[in-house]
Amino acid sequence: MSYHGNPKIVTNGLIFYYDSNNSLKSWKGKPTTNYVTNAATMSTFSNYSYGTPVTFTTEFGTTGYRMSSLPSWNGVYSSISLPATGTYTFSAWYRYWGGSSNNNGATCYVSGWGGGDSAATIDKSLVGVWQRISITLTCTNTGMTLYLISYGGTSNGSSDHSTWEVTMPQVESGSYATPFVSGTRANTQAILDLTNNYTLTANSLVYNSD
């Protein structure tokens with residue numbers, strides 16, 4: 001394979017690269033299982049409490065839910081079943097479009113995991129930008145509920161509201177969120193080189209750090 005240490009681009013031989021600024025494109029992620037059933041379609045999620053979220057197809061090819069000027073405590077939820085107790089990370093991708101100051105604009109909220117209800121909140125300063133938020137919990141129960149909801153202020157829909165979207169929910173074993181997978185990512189991965197002529201297959205990959 002070719003190796004080059006300066007900015008000149010090599011165009012012959014096997015050429016592989018890693019873009020440290022784009023882990024979504026470069027890092028396929030450690031072997032993992034997403035315990036959200038049908039995560040790409042979000043078919044197990046239901047409307048929670050107020051308003052009516054609508055589904056749409058995201059630019060990632062997944063199904064997302066859109067909340068348009070809905071009151072606090074709007075969003076969707078789904079039951080989660082884990083194979084065993086232990087440390088798990090809950091995450092999803094969110095895009096915030098605005099809302100009132102009291103409404104937090106969406107959270108990844110977990111209930112029934114063995115402790116008090118816990119949530120991670122999006123960054124409302126990132127308007128119109130997809131952002132992933134996650135929360136890691138040491139679960140002593142194997143059955144719980146994952147809520148993708150907003151809250152804060154009143155729920156009357158006029159004074160406190162928000163507009164946001166959510167897609168690609170993931171619940172996985174471990175203490176950090178890996179790239180999204182709808183199902184299971186194995187420890188065998190094929191990497192196509194930049195010339196699109198050859199592939200390199202790596203077997204029994206082990207990831208010891210995040």
field: Test item: side-chain donor near acceptor, Thr184 and Thr33, under 3.5 Å
entry: yes
- prompt: Is there any salt bridge (charged side-chain N to carboxylate O under 4.0 Å, His left out) pair reaching into residues 100-123, and which pairs are they, with sequence neighbours excluded?
  reply: none
statement: The reported gap from OH in Tyr96 to CD1 in Ile122 (rounded to nearest 0.5 angstrom) is 6.5 Å
- prompt: In the single-linkage hydrophobic clustering (I, L, V, M, F, W, Y; side-chain heavy atoms under 4.5 Å), do Ile133 and Val110 co-cluster?
  reply: yes
- prompt: Of all heavy-atom pairs between Asn34 and Ala39, which one has the smallest distance, and what is that distance?
  reply: ND2-CB, 3.3 Å
query: CD1/Ile80 to OG/Ser111 distance, rounded to the nearest 0.5 angstrom?
result: 12.0 Å
query: Say you draw a straight line from OG1 of Thr87 to CD of Glu172; how long is it, rounded to the nearest 0.5 Å?
result: 12.5 Å
message: Using side-chain heavy atoms (C-beta onward) and a distance below 4.5 Å, is Cys139 in contact with Met144?
response: yes
query: Any link between Val76 and Val54 through a network of hydrophobic side chains (Ile, Leu, Val, Met, Phe, Trp, Tyr) touching at under 4.5 Å?
result: no
field: Over all atoms of both residues, closest heavy-atom pair of Ala177 and Thr89
entry: N-CG2, 3.7 Å
task: Grab the two heavy atoms, one from Leu146 and one from Pro169, that are nearest each other, plus how far apart they are.
output: CD2-CB, 4.4 Å
message: Would you compute the distance between atom CE of Met168 and atom OG1 of Thr58 and round it to the nearest 0.5 angstrom?
response: 6.0 Å
field: Side chains of Ser175 and Thr136, donor plus acceptor under 3.5 Å
entry: no
field: Centroid-centroid under 6.0 Å between Trp73 and Tyr151 rings
entry: yes
task: Could you check Thr37 against Ser81 for side chain to side chain contact (heavy atoms under 4.5 Å, CB included), going step by step and ending with a plain yes or no?
output: CA-CA 9 Å; Thr37 304; Ser81 295; over 6 Å; no
- prompt: At their closest point, which heavy atom of Lys124 faces which heavy atom of Ser100, and how far apart are they?
  reply: NZ-O, 3.2 Å
- line: Which of Asn104, Asn74, Leu70, Asn102 passes side chain to side chain contact (heavy atoms under 4.5 Å, CB included) with Ser162? Answer is Asn74
Smallest separation among heavy atoms of Lys30 and Arg185, with atom names: O-NE, 3.0 Å
message: Please list all pairs meeting ring-ring contact (aromatic ring centres under 6.0 Å, His included) that have one or both residues in residues 124-150, counting only residues at least two apart or in different chains.
response: Tyr48-Tyr147, Phe60-Trp130, Tyr77-Tyr147, Tyr109-Tyr147
task: For Ser72 and Gly152, indicate whether the former's side chain and the latter's backbone hold a donor-acceptor pair under 3.5 Å.
output: yes
statement: Between Leu82 and Asn141 the two heavy atoms that sit nearest each other are CD1-O, 4.2 Å
message: Would Phe45 and Leu148 count as a side chain to side chain contact (heavy atoms under 4.5 Å, CB included) here? Give the steps.
response: CA-CA 9 Å; Phe45 282 79; Leu148 310 176; 3.7 Å; yes
- request: Run the numbers on Thr163 and Ser68 for side-chain hydrogen bond (donor to acceptor under 3.5 Å, both in side chains), then give the verdict.
  value: CA-CA 4 Å; Thr163 297; Ser68 298; 5.4 Å; no
query: Taking atom OG1 of Thr121 and atom CD1 of Ile135, what is their separation to the nearest 0.5 Å?
result: 9.0 Å
task: Tell me whether Tyr65 is reachable from Tyr94 by hopping between hydrophobic residues (I, L, V, M, F, W, Y) whose side-chain heavy atoms are closer than 4.5 Å.
output: yes
statement: So CZ of Phe180 and OG1 of Thr167: to nearest 0.5 Å the spacing works out to 6.5 Å
field: For Arg95, salt bridge (Lys or Arg N to Asp or Glu O under 4.0 Å) partners two or more places apart
entry: Glu59, Glu165
task: Show the numbers, then the answer: is there a side-chain hydrogen bond (donor to acceptor under 3.5 Å, both in side chains) between Thr63 and Thr55?
output: CA-CA 7 Å; Thr63 296; Thr55 60; over 6 Å; no
task: Just say parallel, tilted or perpendicular for the rings of Tyr88 and Tyr35, cut-offs at 30° and 60°.
output: perpendicular
query: Hey, any chance Trp97 and Trp93 share a hydrophobic cluster, counting ILVMFWY side chains that come within less than 4.5 Å of each other, even indirectly?
result: no
